Every structure is written in structure tokens, then in C-alpha cells.
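So the structure is just underneath, and the comments pick up after that.
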Amino acid sequence: MRDAGFLCVGAKSALSKGQMRALVARDITPAWDVMHIYPALMAFAARYRRQPDLIQSFAVLFKVPGDLNEEGFERHPWDGEQSLADKDAWLGRLRAMNRPSIE
């Protein structure tokens, strides 16, 4: 991310301000690491709710398998995102987040 060729200004800003959380995951295929990523992502969201600074980033760095082709590289992150959403639904978090406040 510090490389001049890395173009995401938001990630560069979060990194320089110490507002980047990173997690090293085993494999980009969702079957392996979703249950490892999920609690880290929930902890990141909880920290943000307590202190909602403007720029914060959560990065997952995968040890990509050597036999992964371009199609798999494009598909697996979306499969992983769906798997995370499925965990939210299974745990009832999506419904709880979408409920109107009673305050």
C-alpha cells in the first residue's frame, strides 16, 4: 500500500493515520477463512461505532493458492462476501441492524 503504484488514496490515508486494521488469512476461497475473518470484521465494526473517525480501513491479505486462475481470483472475493452476509443473516445481525430504534 505504501508503493507509489498502489492507487487507493483512502487506504493510503488510513494506513498513514494508523487507522488500518489488517488480517492475514489463509486462503481466498471462502470455505477456509470466513469464520476467521468474521469475528475480526465484527470487532472492527464495533471499534468504529465507538470512535467513528472519518477514514478507517479493514484489509484482509490472502495467501492466494498458486493454482488460482484469473476467473477464480475475480469470483472468490464475491463468494466470500456472500458467505459473510450469510453468517450475518444466520446470526440475526442484519435484522437487528435494520430495525428502527425505539429511543
Side-chain angles (χ1 to χ4, degrees):
M1 283 182 241
R2 289 184 174 99
D3 185 271
F6 189 78
L7 300 177
C8 182
V9 178
K12 285 180 176 281
S13 178
L15 184 62
S16 72
K17 293 179 181 193
Q19 295 174 296
M20 167 77 65
R21 299 285 189 262
L23 174 73
V24 177
R26 176 179 170 192
D27 195 327
I28 197 169
T29 56
W32 284 103
D33 275 322
V34 168
M35 293 311 291
H36 178 68
I37 295 168
Y38 189 83
L41 186 56
M42 292 297 99
F44 174 78
R47 277 190 302 273
Y48 180 79
R49 281 192 294 276
R50 287 191 305 272
Q51 186 176 358
D53 295 326
L54 180 60
I55 298 175
Q56 292 193 35
S57 291
F58 180 79
V60 179
L61 309 170
F62 293 100
K63 297 175 184 177
V64 179
D67 61 345
L68 188 64
N69 62 21
E70 187 174 344
E71 178 186 328
F73 182 79
E74 293 291 329
R75 185 186 72 236
H76 288 308
W78 295 111
D79 291 347
E81 186 175 335
Q82 182 62 57
S83 184
L84 289 169
D86 292 345
K87 302 300 177 278
D88 263 342
W90 180 68
L91 293 169
R93 293 189 194 278
L94 288 179
R95 287 188 304 274
M97 289 172 48
N98 291 324
R99 282 190 194 133
S101 176
I102 327 176
E103 298 176 60

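Just so it is clear, the structure is predicted and the values come from calculations on it, not from any experiment.
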(request) Give a yes or no on whether the backbone of A45 and the side-chain of Q56 come within a donor-acceptor separation of less than 3.5 Å. (result) no
(message) For a quick test of reading the model, state the closest non-hydrogen atom pair linking A11 to S57 and the distance between them.
(response) CA-OG, 4.2 Å
(request) Rounded to the nearest 0.5 Å, what's the gap from CG on D88 to CE on M42? Could you check? (result) 5.0 Å
(request) Nearest 0.5 Å please: distance from the CE atom of M35 over to the CG atom of L84. (result) 9.5 Å
(message) Starting from V24, can I reach F58 by hopping between I/L/V/M/F/W/Y residues whose side chains sit under 4.5 Å apart?
(response) no
(message) So, taking the atom named CZ in R21 and the one named OH in Y48, what distance separates them when rounded to the nearest 0.5 Å?
(response) 13.5 Å
(message) Within the structure provided, determine whether F62 and I37 are in side-chain contact (heavy-atom separation under 4.5 Å).
(response) yes
(request) Over all heavy atoms of both residues, which pair between K12 and D3 is shortest? Give the atoms and the distance, please. (result) NZ-O, 2.8 Å
(request) Locate the shortest heavy-atom distance separating R2 from L15; write the atom from each residue and the value. (result) CG-CD2, 3.9 Å
(message) Are the side chains of L61 and L23 in contact, using a 4.5 Å heavy-atom criterion?
(response) no
